[in-house]
Number of protein chains: 2
Amino acid sequence: MDYVKAKAGAAIGARLRRLSERIDGEATQAYAAQGVVFEQRWFGVLNQLALNGPMSVGELAQALRITHVSVSQARLSLEKAGMIQQEPDAADARRRLLSLSGAGRELVTRLGPLWAAFEQASMELDREAGGLVEMLDRLEAALDRRSLFHRVTAICGEGRS
Amino acid sequence: MDYVKAKAGAAIGARLRRLSERIDGEATQAYAAQGVVFEQRWFGVLNQLALNGPMSVGELAQALRITHVSVSQARLSLEKAGMIQQEPDAADARRRLLSLSGAGRELVTRLGPLWAAFEQASMELDREAGGLVEMLDRLEAALDRRSLFHRVTAICGEGRS
DNA sequence: CCCATATATGTAGGTGCCTACATATATGGG
DNA sequence: CCCATATATGTAGGCACCTACATATATGGG
C-alpha cells in the first residue's frame with residue numbers, strides 16, 4: 001500500500017504538515033521573487049495589526065488561533081526587522097500592545113497586491129480541490145466534537161471487550 | 001473578517017500546519033495512554049520497515065515523500081531508542097540499510113491494535129469531513145499541475161498590465 | 001488592606017519538517 | 001585507467017509551531 005494514501009491518523013498529521021511545508025515554501029518563493037525577505041508567520045500578525053490597529057499578544061494569539069508563545073516569538077522577529085513596535089497598555093500593566101511601525105505600514109502596503117494574489121490563488125486551489133476551506137472547517141468541527149484521542153481510545157477499548 | 005477563514009495562500013499553509021500540530025498532539029496522547037513513548041515521525045519509518053523489510057534512507061524518503069535528511073534524523077532517534085539497526089548495503093557502499101531490531105519488531109506488534117484504531121478513527125474523520133483524503137489528493141494534484149508560486153506570479157503579472 | 005486565584009506574557013526546550021552544503025562512492029565515456 | 005558527473009547520506013542551521021514552567025500584574029472576596 002502507498003503510505004501517503006494510508007488513512008492512519010498519524011499519517012494524516014504528517015500529510016497535512018507536508019502540504020503546509022510545501023505551501024509555505026512556495027509562498028516564500030513568491031515573496032523572494034518580489035525581493036522581499038519575509039517569514040510566513042509574519043503574515044498573520046501584520047495582517048491583524050493592519051486591520052485592527054494595536055493589539056496585545058494574547059489578542060493576536062486568539063485571533064490567529066495560535067499560542068501566545070508563538071505570537072511572542074513572531075513579535076521578536078518582527079521587531080528585530082523593524083516592522084512593529086510595542087508599548088505598554090495603559091489599562092493593564094501586564095499587557096504589551098503591538099502596532100505597525102512606519103516600515104511595517106510600508107511593507108503591508110507594498111505587499112497588498114501580493115496578498116491579493118495569494119487570496120485569488122487560494123480560491124483557485126479551493127475550487128480545484130473541490131471545497132478545501134469548507135472541508136478544513138468540517139475537519140476542525142469533527143475534531144472539536146470528538147478528538148482523535150477520544151476516538152482512538154474508544155476504539156481500543158472496544159477492541160478489548 | 002475571521003482570519004482563520006481567510007483564503008490567502010499563506011493562511012492556508014498556516015492552517016494546515018495547525019491542524020497537523022493538533023492531530024500530532026492528539027496522537028501523542030493516545031500513545032502515552034498506552035504507556036508508549038513515541039515520536040510521530042517514527043510511524044512512517046517503522047511501518048515501512050515492517051511492511052518491506054530492510055530499506056535505505058533514500059528508499060524510505062521516497063516512500064514517505066520526505067527528504068532524506070528527515071529520514072536520517074528520524075533514523076538517529078530510532079536507533080538511539082533501539083528500535084532499528086543498520087548495516088551497509090553490500091551492493092552499494094554509499095547506502096545504509098535500515099531494518100527493525102528485535103525491540104522494534106516487538107513495538108510494531110504491540111502497536112498493531114493502536115495503529116488499526118488510528119486507521120479506523122481516520123476513516124471516521126474522513127467521512128465526517130466529507131472526503132478528506134481525496135480532497136488532499138486533489139489539492140496535491142492541483143499544486144503538481146501548477147504551483148502556488150506560479151499561480152501567484154501569474155496573477156501579479158496580470159495585475160501589472 | 002490582604003491574600004488566593006486568575007491572567008498576560010516571557011523563557012526554555014522540543015518536534016518534525018525544510019534547504020544548503022559537504023563528503024564518499026558509483027558510473028560511464030574517453 | 002582517469003576523470004567528470006551522478007548519487008547516497010550526513011552536518012548545520014532554520015522554520016513555525018508546541019508544552020512546561022516562570023514571573024509580574026490584576027481581581028475580588030474576606
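Keep in mind that this is a model prediction, so the values were computed, not measured.
- We find that Arg75(A) and Glu79(A) are joined by a salt bridge, their nearest charged nitrogen and carboxylate oxygen being less than 4.0 Å apart.
- The residues Glu21(A) and Arg17(A) are annotated as not salt-bridged, no charged nitrogen and carboxylate oxygen being separated by less than 4.0 angstrom.
- Summary of the strand contacts: Arg95(B) and Ala91(A) both lie near DNA chain D, and taking for each the nucleotide with the nearest heavy atom, the more 5' one is attributed to Arg95(B).
- The distance between atom CG of Asp24(B) and atom C1' of dC17(D), rounded to the nearest whole Å, is 11 Å.
- Side-chain atoms of Glu87(B) and Ser99(B) form no donor-acceptor pair, as typed in the model, at a separation below 3.5 Å.
- In summary, Arg41(B) and Asp24(B) do not engage in a salt bridge, as defined by a charged side-chain N under 4.0 Å from a carboxylate O.
- Closest-nucleotide positions on DNA chain D for Arg17(A) and Ala93(A) were compared, and the one nearer the 5' end corresponds to Arg17(A).
- Checked against Leu49(B) for a side chain to side chain contact (heavy atoms under 4.5 Å, CB included), the options Val108(B), Leu97(B), Ile84(B) give a single hit: Ile84(B).
- When heavy atoms are screened at a 4.0 angstrom cut-off, Arg22(B) is found touching no nucleic acid atom at all.
- No donor-acceptor distance shorter than 3.5 angstrom exists from the side chain of Asp89(B) to the backbone of Arg95(B), with no hydrogens or angles considered.
- In this structure, Ser20(B) reaches neither bases nor backbone, as no heavy-atom distance under 4.0 Å exists between it and the strands shown.
- Atom pair Arg41(A):CZ and dC18(D):P shows a separation of 12 Å (rounding to whole Å applied).
- Here the side chain of Asp126(B) pairs a donor or acceptor atom with the backbone of Leu132(B) at under 3.5 angstrom.
- In 5' to 3' order, the nucleotides of DNA chain C bounding all contacts with chain A (an atom under 4.0 Å from a heavy atom) are dA6(C) to dC18(C).
- Although no hydrogens or angles enter the test, the distance criterion places no donor-acceptor pair under 3.5 Å between the side chain of Arg96(B) and the main chain of Ser56(B).
- The interatomic distance linking Leu76(B) (CG) with dA12(D) (P) rounds to 12 Å, in whole Å.
- Nucleotide dT19(D) holds its P atom 13 Å from the CZ atom of Arg18(B), rounded to whole Å.
- Rounded to an integer number of Å, the gap from Trp42(A) CH2 to dA16(D) P is 9 Å.
- Residues Arg94(A) and Asp92(B) each lie close to DNA chain C; by heavy-atom proximity, the contact nearer the 5' end of the strand is made by Arg94(A).
- The residues Asp144(B) and Arg138(B) are annotated as not salt-bridged, no charged nitrogen and carboxylate oxygen being separated by less than 4.0 angstrom.
- Between Val69(A) and Glu21(A), it is Val69(A) whose nearest contact on DNA chain C lies nearer the 5' terminus.
- Regarding Gln40(B), its CD atom lies at a distance of 15 Å from the P atom of dC18(D), rounded to whole Å.
- Neither side chain, Thr153(B) nor His150(B), offers a donor N or O lying under 3.5 Å from an acceptor on the other.
- In this structure, Phe118(A) has its ring center closer than 6.0 angstrom to the ring center of Tyr31(A).
- In this structure, Leu46(A) atom CG and dA16(D) atom P are separated by 12 Å, rounded to whole Å.
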DNA chain D base-pair string [pairs: Watson-Crick or G-U under 3.5 Å; |: paired with another strand]: ||||||||||||||||||||||||||||||

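- The nearest whole Å value for the distance from the CD atom in Gln73(B) to the C1' atom in dG13(D) is 10 Å.
- Listed by residue number, there are no residues of residues 79-89 of chain A with a heavy-atom contact under 4.0 Å to DNA chain D.
- At the phosphate of dA16(D), neither OP1 nor OP2 sits under 4.0 Å from any side-chain N or O atom of Ser70(A).
- Follow the hydrophobic side-chain contacts under 4.5 Å out from Ile66(B) and you reach Leu139(B) in the same cluster.
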